[in-house]
Amino acid sequence: MAHPHGTAEQGGGYGRLLLTGAAGGIGRAVRHRVAKFAQCIRISDLPGVLPSDAAPNEEVVPCDLADRRAVDTLVAGCDAIVHLGGVSVERPFEEILEANIKGVFHIYEAARRHSVKRVVFASSNHVTGFYRQDERIDADARKRPDGYYGLSKSFGEDMAQLYFDRYGIETVSIRIGSVFPEPKDRRMMATWMSCDDFVELLRRALFTASVGHTIVFGASANAHTWWDNREAACLAFEPRDSSEQFRQKIEAAPPPAPDDAVAVFQGGVFTTMGPFDPLPPV
Ligand code: NAI
Ligand code: 15L
């Protein structure tokens, strides 16, 4: 775990760490827990949504990821980035384009211009959402995005690869399953990841030496899984929690029909959302 900036255990870690999407569900859950990873945390989200109660080691910098100049200013002075910001569900392409596709380009261009060496990219299981739930895949499996949202995360992973191959910026792309306090349905029994496991994966993603561009599936040690993290062995990540503690509660609800997308595809209901056609019918 040696790293030029030291390790989290040594205290301090990075000088300044940027956390985008800090007002979102995961951002709020991890914001105070990533404080130990850097001397200063720059927290960012869209204007008007960030809390005003910044801790002494936090800088609050509102920014729309679609604004290239604003993102350049946001990234200046940061040593590493945890990029959680963007549209996090299936939406019309135009929305995804601004926040996620242009947004991730702006983040990497700013990282290049300001010599940021490490990014953690919040990718998603929806990059491979069209695999069936009876298939087991690893990071080498062909991408099968299940919508524009999954497509934008697939693009983000390719952006990370390009900026590593061309400029040496290292990234861990975490194909997050479902980071919520509890799984919400039977599908999430396989995809759920506890906040504790997520923070530990963040720590490894930020402080493991020489990750190149590593893709890792983000899930807890659930009894049933669709994902094999062999390709991310360099992170030596061992999740500790399991969705099993919620099984009784989840299975108290009636099961979906066996041919329902939520029971067939890894991406669940995302495989059926849209199209969002703003044009009049032809
Ligand atoms: P969220 O929707 O709660 O948070 C995303 C944040 O990004 C929001 O606070 C939103 O205001 C901000 N944002 C949206 N558009 C923006 C823009 N143009 N400029 C700046 N900020 C913008 O999502 P959540 O659940 O916290 O997820 C965080 C990240 O992890 C997202 O990138 C999401 O796609 C990804 N992810 C989350 C999963 C989960 O289980 N929660 C699963 C897979 C991926
Ligand atoms: C995601 O990518 C979404 O951001 C999140 O809201 C969940 O729906 C999650 O995937 C999931 O697949 O459960």
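The first residue of the sequence shown is numbered 1, and numbering continues consecutively from there. Remember, it's a predicted structure, so these values are computed and weren't measured experimentally. Atoms within each ligand, like the ligands themselves, are counted from 1 in listed order.
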Would you say the ring centers of Phe105 and Phe155 fall short of 6.0 Å from each other? no
What about Ala99: any of its N or O atoms under 3.5 Å from an N or O on ligand 1? no
Salt bridge or not between Asp228 and Arg230? Use side-chain N to carboxylate O under 4.0 Å. yes
Under 3.5 Å, is there a donor-acceptor pair linking the side chains of Glu182 and Trp192? no
Structural part of Lys153 in contact with ligand 1, heavy atom criterion under 4.0 angstrom: side chain
Between Glu109 and Arg113, is the closest basic N to carboxylate O distance under 4.0 Å? no
Please work out whether any backbone atom (N, CA, C, O) or any side-chain heavy atom from C-beta onward of Ser123 is under 4.0 Å from ligand 1, and answer side chain, backbone, both or neither. backbone
Output yes when Arg69 and Asp64 qualify as a salt bridge under the 4.0 Å nitrogen-oxygen rule, no when they do not. no
Return yes or no for this condition: an N or O of Ile26 is under 3.5 Å from an N or O of ligand 1. yes
Can you pull the residues with any heavy atom under 4.0 Å from ligand 2? Ser88, Ser124, Asn125, His126, Tyr149, Gly177, Ser178, Phe180, Arg187, Met188, Phe270
Is there a polar contact, in the sense of an N or O pair closer than 3.5 Å, between Gly86 and ligand 1? yes
Just distances here: any N/O of Gly21 and N/O of ligand 1 closer than 3.5 Å? no
Judging by distance only, is a nitrogen or oxygen of Asp64 under 3.5 angstrom from one on ligand 1? yes
